[in-house]
Amino acid sequence: MLDLFADDAPWEEPLAEGATILRRFAREEAAALMAGVLQVSQQAPFRHMVTPGGYTMSVAMTNCGALGWSTNQHGYLYSPQDSLTGQPWPPIPEVFQSICHRASMAAGYPDFEPDACLINRYAAGTKLSLHQDKDEPNLRQPIVSVSLGLPAIFQFGGLQRGDPLQRVMLEHGDVVVWGGFSRLFYHGILPLKPGFHPLTDQFRYNLTFRRAS
Ligand code: SIN
Ligand code: FE2
C-alpha cells in the first residue's frame, strides 16, 4: 500500500502550464516495470535508430503498444510493426497501463488513452537533444513519462527552441506529465552521468506513453 505519510511518499511539483512532475510516483511498481521492459526487449530488442539526417542516436530505443515510434530515411513515424523483426510491437504490459492511467488521472488528464509506449535506454554519456514530441495527430492527449534507474537532467523549455530552459533532475520513479499549453514544449536529456543503480545497473530507462493515432 502507498503510505501518504511515509518519508518517501510521492509529491507533486508543477513544471509549467499543463505540465507537472509526480515525484516518486512509480517507485512501488519500479521492479515490475523493469520486468516489463526486459520482457518487451526480448521480443523487440533495443536498437540505436538513425535519424533522417544520418545521425545514429546515442539513446537505445524500443517500443510496445499498437504503434511504435521509429525513424527512416524520410523522417519520423509511428508504425504497427518493428522494422527490425518484421513483427508487431509487443503489447503494453498491464503494469505500464496501470501506472500511466493513475499518473494521467493525478495530473488532470483523465481521458488519456495511450496506444504507443517508447522505451528509451540511456548509458553514461547518452543524451537526447532538445526536441518537440510532434509526430502524434491528437495533441489534446498528453505525454506521460516514467523514469527508472539512474538520475538524469531533464530540460524543459517552451514553444520556441530558443526559449529559456528549466533544468530538473529526474530520479528513479519520477513521472512527468505534459499536455495542454505545454504539449509541444521543447525538451531533452543532458548527457547521463556514469553510475550504478540496484535495479537498472549502469542505465537509466524512460517510458513515454503517447496517443499516436
Ligand atoms: C523523450 O523525450 O522521449 C524522453 C525524455 C526522457 O528520457 O526523460
Ligand atoms: Fe520527447
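Both ligands and their constituent atoms are indexed starting at 1 by order of listing. In this chain, residues are counted from 1 in sequence order. When reading the values below, keep in mind they use all heavy atoms of this one structure, side chains included, and skip hydrogens, waters and symmetry mates.
W178 and F156 have perpendicular rings, their planes meeting at more than 60° on a 0 to 90° scale where under 30° would count as parallel.
Taking every heavy atom of R210 and a limit of under 4.0 angstrom, the matching atoms of ligand 1 come to 3 (O). Residue N206 approaches ligand 1 through these ligand atoms, each under 4.0 Å from one of its heavy atoms: 4 (C), 5 (C), 6 (C), 7 (O), 8 (O). If you number the atoms of ligand 1 from 1 as listed, the ones under 4.0 Å from a heavy atom of N120 come out as 1 (C), 3 (O), 4 (C). Annotation for ligand 1: atoms under 4.0 Å from non-hydrogen atoms of Y122 are 4 (C), 5 (C), 6 (C), 7 (O).
In this comparison of R121, H187, M61, K127, the heavy atom closest to atom 2 (O) of ligand 1 sits on H187. Of the candidates L128, V146, I143, I119, the one placing a heavy atom closest to atom 1 (C) of ligand 1 is L128.
Rounding to the nearest 0.5 angstrom, the gap separating the CZ atom in F185 from the CD atom in Q160 is 10.0 Å.
Under a 4.0 angstrom heavy-atom cut-off, Q132 registers as lying outside contact with ligand 1.
In this structure a side-chain-to-backbone donor-acceptor pair under 3.5 Å is missing from T126 to L192. Of the possible donor and acceptor atoms, one in the side chain of H131 sits under 3.5 Å from a partner among the backbone N and O of H187.
The Fe ion (ligand 2) forms the vertex of an angle spanning NE2 of H187 and OD1 of D133; to the nearest 10 degrees it equals 90°.
A salt bridge does not link R23 to E171: none of the charged side-chain nitrogens sits closer than 4.0 Å to a carboxylate oxygen.
The closest side-chain donor-acceptor pair between N206 and S145 falls under 3.5 angstrom. Side-chain N/O atoms of E136 and Y78 include a donor and acceptor closer than 3.5 Å.
Summary of contacts: the protein heavy atom closest to atom 8 (O) of ligand 1 is R204 NH2, 2.9 Å.
Not one N or O of S147 is nearer than 3.5 Å to an N or O of ligand 1, by distance alone.
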